[in-house]
Number of protein chains: 2
Amino acid sequence: MWRDETGRSLADYPHPSVAVDVALLTVVDGTLHVALHRREGHATGELALPGTFVRIDERLADAALRALRDHLEVTGRSPEQLRVFDDPHRDDRGRVLAIAHVDLVDRGVLPTGTETAAVDTCPTLAFDHGAMVAAAAEHVRARHRGSPDPAGLLGAEFTLAELQGLHEAVAGGPLPKDTFRRHVLGDLEPTGGLRTGVVGKPARLFRRAGEPGQPPV
Amino acid sequence: MWRDETGRSLADYPHPSVAVDVALLTVVDGTLHVALHRREGHATGELALPGTFVRIDERLADAALRALRDHLEVTGRSPEQLRVFDDPHRDDRGRVLAIAHVDLVDRGVLPTGTETAAVDTCPTLAFDHGAMVAAAAEHVRARHRGSPDPAGLLGAEFTLAELQGLHEAVAGGPLPKDTFRRHVLGDLEPTGGLRTGVVGKPARLFRRAGEPGQPPV
DNA sequence: ACAAAAGTGTTAGTGTTACACCCATGT
DNA sequence: ACATGGGTGTAACACTAACACTTTTGT
């Protein structure tokens, strides 16, 4: 264990606690929602993002996964770091830095009954979690403007209509059909399959370019 | 002071220390450089970014300013948060999370004799500071692709040639003159002044649109 | 036959790139 | 006069947005 010239280790100096919070976004009824839970312990009953304190030997990503597991019973995702929230009074238990994370998942990975709220009409949340939700929504919206289904919600194969539905839900409004198709087509390749069975012309299936599927001959 | 049900405060739980590090970028000889210093105390003699531990009641921005003042004698800037570096073994004194920051300043604000290194051919640095420099360079390059002189290095008035020189230094390569002018012209307004005295046609002076100068009648 | 959904042709407008050239000044 | 650096005209090309249309299915 390292000691400084006065014999103290790093932990002997007073320093902020560190928490992670995760804005787990999902699409419900065609609009972007965030998964919430009701706090127990401190601030009992308030709606909040799943979060936890970072243990001394834990990576941020692992702490974020632990928060999702403990508060929402969700596993196996990979939240992305957003930024640090550092208002000295954001938590009245003491000085706590919070590192906000985001991820976007299919509704199916949330246990039935999980509480969610639309990101654009979010109720008051504990701490500064409202600001985190806003930052998270802005983040995923920016990513979805740049590439088709960056979070891989749709699985390996999907139709252009399914993809457009997802992007409209994320963006929070309708997108023009023809422009949207031509915009994303460059990043997709047809699998050759068709989605059939419903009324209307069968839709071609696509996958993101450069993914498994048939490897090139 | 808040206590949990076992009578402990937050500080009684073992938790990571938190540091800030600042990649202070500047332009030297037409290329993007980063200001460095030689460490004293732990890791004596190694080249590193200016950094410091965050005090328990201090905001990240204030800690970053303190690091700049103590290690580089630079004051009055406003570094921007980049992201958290959290490898558990990045500091052999114990568990230390580092929140990297960036800023871009005129060479003139650095005391003469300040050590700098070109970001693209950076020597080995202490901790994971090499990765921070790479992230910082990518960040300012992205910002400079989007708007003219976002850091305000050039002051209130400048010619298009001066602006282009700055952007070429940041980008790390030449930019086509005519395209560059037309690209930035939408975000600038002419002040009416001319830069004269040197050989060649006098250059018009510009300012960023929506800044002091003459207020509209 | 008809509704529903997929998919395309076309056009107008806008932005990008690069070539070439003209303009105003100091020496 | 001429070198130096500032500034612009123009044409090819690509991208975007919107309209209207054709195609292929289930009922």
Side-chain angles (χ1 to χ4, degrees), chain A residues 27 29-30 141-149 153-209 213, chain B residues 27 29-30 141-149 153-209 213:
Chain A
V27 173
D29 298 333
R141 283 174 172 156
R143 284 183 70 80
H144 281 249
R145 260 174 259 132
S147 67
D149 186 19
L153 246 68
L154 296 178
E157 292 193 340
F158 45 85
T159 69
L160 288 176
E162 290 161 0
L163 181 63
Q164 181 170 355
L166 168 65
H167 278 252
E168 288 178 335
V170 170
L175 299 169
K177 184 176 71 157
D178 47 5
T179 300
F180 177 79
R181 309 173 81 81
R182 289 189 249 247
H183 187 64
V184 297
L185 224 47
D187 297 327
L188 301 177
E189 46 195 33
T191 67
L194 295 176
R195 172 86 78 231
T196 177
V198 287
V199 61
K201 180 170 171 176
R204 287 187 293 162
L205 293 171
F206 293 83
R207 62 168 156 263
R208 278 170 288 279
Chain B
V27 173
D29 298 334
R141 283 176 173 154
R143 282 183 72 77
H144 281 250
R145 259 174 258 133
S147 68
D149 186 20
L153 245 70
L154 295 177
E157 292 193 339
F158 46 85
T159 68
L160 289 177
E162 290 162 1
L163 181 64
Q164 182 170 354
L166 167 65
H167 279 251
E168 288 179 335
V170 170
L175 299 169
K177 184 176 68 157
D178 47 6
T179 300
F180 177 79
R181 308 173 82 80
R182 287 189 251 248
H183 186 65
V184 297
L185 224 46
D187 297 326
L188 301 178
E189 47 195 33
T191 67
L194 295 175
R195 172 85 80 232
T196 177
V198 288
V199 63
K201 180 170 172 176
R204 287 188 291 164
L205 293 171
F206 293 85
R207 62 170 155 262
R208 278 170 289 278

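Throughout, protein chains are lettered first and strands after them, A, B, ... in sequence-line order, and every chain is numbered starting at 1. Every heavy atom of this structure was used, including side-chain atoms; hydrogens, water molecules and symmetry mates were not.
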Which of these nucleotides, C/dT10, D/dG7, C/dC19, is closest to any side-chain atom of B/R182?
C/dC19
When you measure only distances, ignoring hydrogens and angles, does the side chain of A/R195 come within 3.5 Å of the base of D/dG26 through a donor and an acceptor?
no
Taken to the nearest whole Å, CZ/B/F158 to C1'/D/dG6 is 16 Å
Using a heavy-atom cut-off of under 4.0 Å over every strand shown, decide if A/R181 touches base, sugar-phosphate, or nothing.
base
Could you tell me which non-hydrogen atom of B/E162 sits nearest to which non-hydrogen atom of B/R195, and how far apart they are?
OE2-NH2, 3.0 Å
Output the rounded distance in Å from CG (B/L185) to C1' (C/dT16).
15 Å
Atom CD of A/E162 to atom P of C/dA5: distance rounded to whole Å?
13 Å
Between C/dC23, C/dA20, C/dT17, which nucleotide has the shortest distance from any of its atoms to the side chain of B/T179?
C/dT17
Among D/dA20, C/dA24, D/dG9, which nucleotide sits nearest the side chain of A/D178?
D/dA20
Specify the residue among B/P202 and B/P176 whose closest nucleotide of DNA chain C lies further upstream toward the 5′ end.
B/P176
I'd like to check B/T159 versus B/L205 (side-chain heavy atoms, cut-off strictly below 4.5 Å). Are they in contact?
yes
Spacing of CG belonging to A/L175 relative to NE2 belonging to A/H144, to within rounding of 0.5 Å:
12.0 Å
Closest to the side chain of B/K201, out of C/dG9, D/dG7, C/dA20, is D/dG7
Expressed as a whole number of angstroms, how long is the span from A/L194:CG to D/dT23:P?
18 Å
Between the main-chain N or O of B/V170 and the side-chain N or O of B/R141, is there a donor-acceptor pair closer than 3.5 Å?
yes
Rounded to whole Å, CZ of B/R145 lies from P of C/dT16 at a distance of 15 Å
Candidate nucleotides C/dA6, C/dA3, D/dG7, ranked by approach to the side chain of A/V199 - the nearest
C/dA3
Looking at A/T191 and A/F206, what are the two nearest heavy atoms and their distance?
CG2-C, 3.8 Å
Separation of atom CG in B/L175 from atom P in C/dT16, rounded to whole Å:
14 Å
Using heavy-atom distances to pick each residue's nearest nucleotide on DNA chain C, tell me which of B/G200 and A/L205 is more 5'.
A/L205
Distance in angstrom units between A/Q164 CD and D/dA17 C1', rounded:
14 Å
By nearest atom, which of the nucleotides C/dC23, D/dG9, D/dT16 is closest to the A/H183 side chain?
D/dT16
Ranking D/dG9, D/dG7, C/dG9 by distance to the side chain of B/R204, first place goes to D/dG7
Report the distance from atom NZ of B/K177 to atom C1' of C/dC23, rounded to the nearest whole Å.
11 Å
